Number of protein chains: 2
Amino acid sequence: MELEKTLKALGDSNRLRILNLVMQGELCVCEIEEILGLSQTNVSRHLNRLSVAGALKSRKNAQWVFYRINDDFMSEHPLLVEYLALSFEKIDACRLDTDKLKNKKASGTLMQCWSDTDRKNGKQKERC
Amino acid sequence: MELEKTLKALGDSNRLRILNLVMQGELCVCEIEEILGLSQTNVSRHLNRLSVAGALKSRKNAQWVFYRINDDFMSEHPLLVEYLALSFEKIDACRLDTDKLKNKKASGTLMQCWSDTDRKNGKQKERC
DNA sequence: TGCGTATATTCAAATATATGCATATACTAA
DNA sequence: TTAGTATATGCATATATTTGAATATACGCA
């Protein structure tokens, strides 16, 4: 049952926190790692779980892997996505994570990873 | 995290099947048992899990316990409830269960339990 | 090629969850 | 009071899930 699989994948606080972040824009594993304060191995596994459930998709850029919401998931589960978005706004942990994401983006301290273009242009403070 | 608790409780196919039935109207444990073909002990435990998560509430009538959707749950999670309702319509197992529920109601073969009023009035084929 | 970094995966252990069997508790009728 | 029925719960077990440590794989640079 797909519904069971989806809900089971979402039934974990860390995965919900990840989803909250990724719903605000594509992120690299290392970025999620830093914001949530989870181990790399754990983040990787949670991301995989969400991907297998169809919620996320990834692309690779050199050794960096970026994850973002799967458009199919959005179009197949609009009500669920909306429900989650509204729920995240009410959850302290998610709000703190979101604040942290915004602060790091604003201060440019979130850049372990960067695009080839940026690096070639010597723009070390930006990311693709 | 409440969201995690809710989604985790829903992340089980049997519990989803139960929710599908109960969303169509109040049911007694023995009725759910019969329609789903699960053991009494198992049904009881699933019902408890859903109740603890806030989705269901129960009332007792003699030795019979009737479960129905918790109104608070409906009003606190309208989008989720709608999402689930739409999802159940697309799931074969849930549709079969629903058919079974309707057939049994129509044929009056679903009546292990009945209200005191009905029994006193000798209306053995009806339930409150 | 060797080294450093990022990420996925393996292995092992701990924890959570689901279920069957047996039983306790609640209720009703004779 | 006894017997029958409905339901919840205890106990034990099997299975699923989660996580840390270690490691394999991919990539870039000197």
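Chain letters run A, B, ... following the sequence lines, proteins first, then strands; residues in each count from 1. Note that the structure is predicted; figures quoted are calculated from it, not measured.
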Taking atom [atom2] of [N] as reference, at what distance in whole Å does atom [atom1] of [X] sit?
X	N	atom1	atom2	answer
B/Arg17	C/dA18	CZ	C1'	15 Å
B/Leu50	C/dA18	CG	P	10 Å
B/Glu34	D/dT7	CD	P	12 Å
A/Asn61	D/dC27	CG	P	11 Å
A/Leu47	C/dT9	CG	P	12 Å
A/Lys60	C/dA6	NZ	P	13 Å
A/Leu56	C/dA8	CG	P	11 Å
B/Leu27	D/dT7	CG	C1'	16 Å

Closest to side chain of B/Gln63, choosing from D/dT7, D/dG28, C/dC27: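 My answer, after comparing the listed nucleotides, is C/dC27.
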Candidates D/dT9, D/dA8, C/dT7 - which lies nearest the side chain of B/Asn48: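 Nearest to the side-chain atoms of B/Asn48, counting from C-beta on, is D/dT9.
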C/dA8 OP1/OP2 closer than 4.0 Å to side-chain N/O of A/Tyr67: yes
Side chain to side chain donor-acceptor pair (under 3.5 Å) partners of residues 79-95 of chain B, not counting sequence neighbours, each pair once: A/His77-B/Tyr83
Test: B/Lys104 and B/Glu31 ion pair at under 4.0 Å: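 No, this pair does not count.
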Derivation and outcome, side-chain contact (heavy atoms from CB on, under 4.5 Å), residues A/Phe88 and B/Leu3: CA-CA 9 Å; A/Phe88 292 149; B/Leu3 182 59; 3.9 Å; yes
Per-nucleotide protein contact string for nucleotides 12-25 of chain D, where B marks a base within reach and S marks sugar-phosphate only (heavy atoms under 4.0 Å, - for neither): -----SSBBB----
Between B/Arg45 and B/Thr41, a side-chain donor and acceptor under 3.5 Å: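 Judged by distance alone, the side chains do pair up.
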Any donor-acceptor N/O pair, A/Ser51 side chain to A/Leu47 backbone, under 3.5 Å: yes
Expected output: side-chain A/Ser44 to main-chain A/Gln40 donor-acceptor under 3.5 Å: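 Between the backbone of A/Gln40 and the side chain of A/Ser44 there is no qualifying donor-acceptor contact (under 3.5 Å).
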Non-neighbouring partners of A/Asn20 that pass side chain to side chain donor-acceptor pair (under 3.5 Å), sequence neighbours left out: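 A/Asn20: side chain to side chain donor-acceptor pair (under 3.5 Å) contacts with A/Gln24, A/Thr98.
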